[in-house]
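Shown next, in structure tokens, is the structure this report addresses.
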Amino acid sequence: MCRHLAYVGPSTPVGSLLTQGPHSLRTQSWAPREMRGGGTINADGFGVAWWHHPDAAALDHGPGVIWHGGAAGDPAETSPVSTGPVVSRYRNHVPIWTDPAVDEVLPQIRSAAVLAAIRSATAGMPVERAACAPFLHGGWAFSHNGAIPEWRAVLTSVAAEFGSASLLDAEALTDSAALWVILRGLLDVGTEPGAALRMVAGAVLQRSPRARLNLLLGDGSGVWATTWHHALSVLEGDGFVVVASEPFDDDPRWRPVEDRRLVRVRDGRVSVEPLDIEIGRAGS
């Protein structure tokens, strides 16, 4: 499937979180350790989101900048202006180890909150920049490590249950992008992020019990994550927290998260609780 990572703590170079440690996210693109049947490598693109104060952008890099280096007319890669932190992102559909921006550009950007992902595309889904996480909306960034069998029918039904926007609004023709349309709709009406993840995961699993749903969500100050089939670990350091599919180094403070759990990171504190979701009996 994919690998993802979120960081909150003191301001740090964005690029370093992609390359830090002997088993960095970049290394996991060709040598992952815990894919659990979800493929062998993660070479179908990558992305990274970071948060900054609106006043922190340079005059020529304000709201609407196309961080990915695209052509005129491409959708802006910076979220709409808000009173809170602004989230921006860089994405590419090529393997992360082939993109020089990881070493030459992203280390020059600093942030106190980062969410990144490398992609292993599910068979039949497009390999394109728009399909690469993180997906953005307002001040949110989202990543999905997993897969939803029969996702078109499943997510159409889930969207109808929650009164979501049309799944045609999804950025790409993938289960992750469509899932984000549903989840962001719940966030827009003020649903607590952990509760929103639990609601969406429960609705999907009721219809597709074999779905794999490691979800990762950030807003620039907090992180929320689920484990459903795939691996996840948490590192609590001196004033920082990292939530990641796999540890990027041998720091003894890393601890694995059990399966079927909801993780919350707020104010530098980590809480883990059962998801308490009953699996449906659908045949998907």
Side-chain angles (χ1 to χ4, degrees), residues 1-4 36-39 44-45 47 49 75 89 91 93 115 117 119-138 140-218 224-230 232 245 259-262 275-284:
M1 297 295 103
C2 306
R3 308 280 85 183
H4 54 206
R36 299 188 180 182
D44 297 317
R89 68 180 168 188
R91 298 184 297 171
H93 69 284
L115 193 151
R119 183 171 185 240
S120 175
T122 301
M125 294 192 187
V127 177
E128 59 186 13
R129 186 178 59 82
C132 295
F135 301 102
L136 306 186
H137 176 72
W140 299 98
F142 170 74
S143 173
H144 167 215
N145 172 22
I148 303 173
E150 305 296 333
W151 67 271
R152 290 177 177 84
V154 169
L155 294 183
T156 297
S157 176
V158 174
E161 176 183 337
F162 291 131
S164 305
S166 170
L167 297 187
L168 293 176
D169 291 344
E171 195 170 352
L173 192 62
T174 68
D175 53 357
S176 301
L179 188 66
W180 179 227
V181 172
I182 298 169
L183 178 58
R184 75 193 192 197
L186 293 173
L187 296 171
D188 279 347
V189 297
T191 308
E192 190 273 324
L197 291 179
R198 180 183 278 117
M199 290 167 63
V200 168
V204 170
L205 289 162
Q206 187 178 48
R207 296 161 171 83
S208 182
R210 293 189 294 111
R212 302 178 179 187
L213 297 171
N214 274 38
L215 310 178
L216 185 63
L217 179 68
W224 298 262
T226 63
T227 56
W228 198 279
H229 183 85
H230 286 296
L232 193 73
S245 297
D259 196 24
R260 304 186 180 189
R261 295 294 187 270
L262 172 65
L275 271 172
D276 289 331
I277 293 173
E278 292 188 12
I279 303 176
R281 298 185 179 182
S284 60

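Basis for what follows: all heavy atoms, side chains included, without hydrogens, waters or symmetry-related copies.
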Q.
Taking the side chain as everything from C-beta on, heavy atoms only, tell me whether Arg260 gets closer than 4.5 Å to Leu205.
A. no
(Q) Which residue is it: Leu262, Asn214, Leu215? I am looking for the one with a side-chain contact (heavy atoms from CB on, under 4.5 Å) to Thr227. (A) Asn214
Q: Please round to the nearest 0.5 Å and tell me the distance separating atom OG1 of Thr122 and atom CD1 of Ile148.
A: 9.5 Å
Q. Got a donor-acceptor contact below 3.5 angstrom from the Thr191 side chain to the Leu186 backbone?
A. yes
Q. Rounded to the nearest 0.5 Å, how far does CG of Asn145 lie from CG of Leu232?
A. 8.5 Å
Q: Kindly state each residue pair satisfying ring pair (Phe, Tyr, Trp, His ring centres under 6.0 Å) with at least one member in residues 140-176, sequence neighbours excluded.
A: Trp140-Trp224, Phe142-Trp180
Q.
Let me confirm one number: the CG-CG distance from Leu187 to Leu183, rounded to the nearest 0.5 Å.
A. 4.5 Å
(Q) Please check: side-chain N/O of Ser164 versus main-chain N/O of Val158, any donor-acceptor pairing under 3.5 Å? (A) no
Q) What pair of heavy atoms forms the shortest contact from Thr174 to Pro126, and how long is it? A) CG2-CD, 4.0 Å
Q. Closest heavy-atom contact between Ala117 and His4?
A. CB-CB, 3.9 Å
Q: Apply the test side chain to side chain donor-acceptor pair (under 3.5 Å) to residues His137 and Asp188: give CA-CA distance (whole Å), side-chain angles for both, the deciding distance (0.1 Å), then the verdict.
A: CA-CA 9 Å; His137 176 72; Asp188 279 347; 2.9 Å; yes
Q: Could you grab the distance from atom CD1 of Ile279 to atom CZ of Arg207, nearest 0.5 Å is fine?
A: 15.0 Å
Q. How long is the gap from CD on Glu128 to CD on Glu171, to the nearest 0.5 Å?
A. 9.0 Å
Q.
Distance check, rounded to the nearest 0.5 Å: His230 atom NE2 versus Leu213 atom CG?
A. 9.0 Å
Q.
Is it the case that the side chain of Ser157 and the backbone of Ala153 share a donor-acceptor pair, with hydrogens and angles ignored and the cut-off at 3.5 Å?
A. no
Q) Which residues pass the side chain to side chain contact (heavy atoms under 4.5 Å, CB included) test with Ala49, sequence neighbours left out? A) Val87, Arg89, Pro134, Leu136, Ala141
Q: Can you see which heavy atom on Arg198 is nearest to which on Ile277, and at what distance?
A: O-CD1, 3.9 Å
